[in-house]
Amino acid sequence: MNTGLRALSTMTFRTTFARRSCLPVRLAQRQVATQPLFETQKVKYWKQLKEEQGGDYKNRTVSTSQLLTALRDLQSYRSLTPNKSTFPDYRAGLRAVFLLAGSDPAARPTLTVGDLENVLSTENGVSWRVIHDILKYGLVPQLEELTEEMRATVAFNRVHAIGNIYAKTFAKNGARTFEDLINSTGDEYGKKVSKAQKLALKYHHEMEIMIPRQEVDKFDMLIKDALNKADPTIKYEIMGSYRRGEETSSDIDMVVWHDSLKRRDPDAKVRKGNPAPDSIMGRVLNAMFSAGLFSSDKMFATGEKKVWGLSRLPGDPKALHRQVDVRLCPTESLPYMLLGNTGDNDLMRFLRYKAEEKDLLLNEYGMGQRVSISNQVHFKPGTEIIVQTEKEIFDKLELPYLEPHQRSYKVWKNILPRY
DNA sequence: CTGACGGGCGCATAGAC
DNA sequence: GTCTATGCGCC
DNA sequence: GTCAG
């Protein structure tokens, strides 16, 4: 029994939402032409841009960094207000810019409207509004109008480990710059600035730059070497967009496992502080330290099951700090962990929906019959489906197997059965 | 119209006792 | 000092 | 912003 699921939060699971947010609905929205009136609203700014910039509009250029900053600020601003609905559109806008500019936007300082049209849906109203505004006014009025306090809040909220609440508190109590927070010693800005927050503030700029695939390849080789030297029986895999074969990644998402850990131990005590040196994670961590891949002063979190920190390629003074996320997985859950953390998000949503159709619950720990206990969905005891490979999970769901590199939406939408 | 928006986990830190 | 709650980020 | 109720 996957006992980790015992301690579920008290939040209720509303079936109404589960039903309407399931993927087939979203796919239908993507594939079926939207109603004309609705479309007019969405493409309003793209159309305005076309009219205002004239026949040569495709050759107009915007500054890559200005566009990125504006999209990120607006994304951050949106997350501070109750209405979070446009998140996917900002993410799509950012993805489009990175697709054009590569991992480091500084390498390609301007983008043409024509290029953007190729990678950014004209229905992405929020992103085209930003492009329109930059071309017309040279700035984004929506951001210029913000109060000084709100601008600081938006900037702070972009930083890793500074969420909604901390960002608002810091700005409300007078903090205006990253330096203010880095140099703060007590709670003069309302709350104490944590170690992780100071670290993220210091390396914020580097952390926002995407990682090119070749660099992850190098990390992969160095990690393999380091772990092999320390203990060849420890296995690992890099998941996420890298495993899907994409050209850039936002972080390095690693899973480690060892034959001695077969399943989650419900009675395992939660250790405070660093993992025991002889534990699996302890050995991994020490191997990473020894190889110069991690540094003890650049860690966000170091636990028995999860380690988060900044890492840079050793020996290269110009190498940027990259976020590396290591998590320990019992071998019994490994195929589910690999599947769940390789994604992409839409595929996982789709697979969970397919599982639900068969009255199964699928998550990163396993798959089993659904049983609802006071509005919470659990595995029915004894029904977990043990698999050795990811392919067996697709088999159980009666879907064709997707290799990791086929799991990006633009690929799998053409392979999996339509709805 | 209202009221919802992924769920559940691991970690660090704040707060309670 | 120990235990619990909260904030955060992750997929 | 969008959707179910």
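Lettering follows sequence order; numbering is per chain, from 1.
Using a 4.0 Å cut-off, some side-chain N or O of A:T302 falls inside it from OP1 or OP2 of B:dA12. For B:dC11, the OP1/OP2 oxygens have no side-chain nitrogen or oxygen of A:K306 closer than 4.0 Å. An OP1 or OP2 oxygen of C:dG9 is reached within less than 4.0 angstrom by no side-chain nitrogen or oxygen of A:R327. The shortest distance between the side-chain N/O atoms of A:Q197 and the OP1/OP2 oxygens of C:dC8 is not below 4.0 Å.
Nearest nucleotide to the side chain of A:K305, out of C:dG9, B:dC11, B:dT13: B:dC11. In this structure, the nucleotide among C:dC10, B:dA12, C:dG7 sitting nearest to the side chain of A:W308 is C:dC10. You'll find that the side chain of A:Y166 is closest to B:dA14, out of C:dC11, C:dG9, B:dA14. Nearest nucleotide to the A:R264 side chain, out of B:dA12, C:dC11, B:dG10: B:dG10. Distance from the side chain of A:S194 is smallest to B:dT13 among C:dC11, C:dC10, B:dT13. Comparing B:dC9, B:dA12, C:dC8 by their nearest atom to the side chain of A:A301 picks out B:dA12.
Using atom C1' as the reference point in both B:dG6 and C:dC8, the two lie 16 Å apart (nearest Å).
Counting to the nearest Å, the P atom of B:dG7 and the CD atom of A:E356 are 12 Å from each other. As rounded to whole Å, 7 Å separates atom P of D:dG1 from atom CZ of A:R78. Computed from coordinates, the A:Q323 CD to C:dC8 P distance equals 16 Å when rounded to whole Å. Rounded to whole Å, atom C1' of C:dG9 lies 13 Å from atom CG of A:N164. Atom CG of A:N341 and atom P of B:dG8 are 17 Å apart (whole Å). One interatomic measurement links the two molecules: CG of A:N274 to P of B:dC11, which rounds to 11 Å at whole-angstrom precision. Between A:Y189 atom OH and B:dA14 atom C1' there is a gap of 21 Å when expressed in whole angstrom units. The interatomic distance linking A:Y365 (OH) with B:dC9 (P) rounds to 7 Å, in whole Å.
Across all strands, A:K191 comes closer than 4.0 Å to no nucleic acid atom at all (heavy-atom distances). Among the atoms of the strands shown, only primed sugar atoms or phosphate atoms (P, OP1, OP2) are found under 4.0 Å from some heavy atom of A:V159. Among the atoms of the strands shown, none is found under 4.0 Å from any heavy atom of A:D344. A:A196 comes within 4.0 angstrom of nothing in the nucleic acid, heavy atoms only.
A donor-acceptor contact under 3.5 angstrom links the side chains of A:T342 and A:R243, judged on distance only.
Counting heavy atoms of neighbouring residues, nucleotides and ligands inside a 6.0 Å radius, atom NZ of A:K198 exceeds 12 of them.
Here the rule is side chain to side chain donor-acceptor pair (under 3.5 Å) with A:R283, and of A:D278, A:D231, A:T233 only A:D231 fits it. Residue A:F294 forms a side-chain contact (heavy atoms from CB on, under 4.5 Å) with just one option from A:V326, A:T302, A:L310, and that option is A:V326.
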>> Quick one, A:Y189 with A:F170, criterion ring pair (Phe, Tyr, Trp, His ring centres under 6.0 Å). Give me CA distance, side-chain angles, the key distance, then yes/no.
In response: CA-CA 5 Å; A:Y189 297 119; A:F170 291 152; 7.2 Å; no
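Using cut-offs of 30° and 60° for the angle between ring planes, the A:Y401 and A:F394 rings count as perpendicular.
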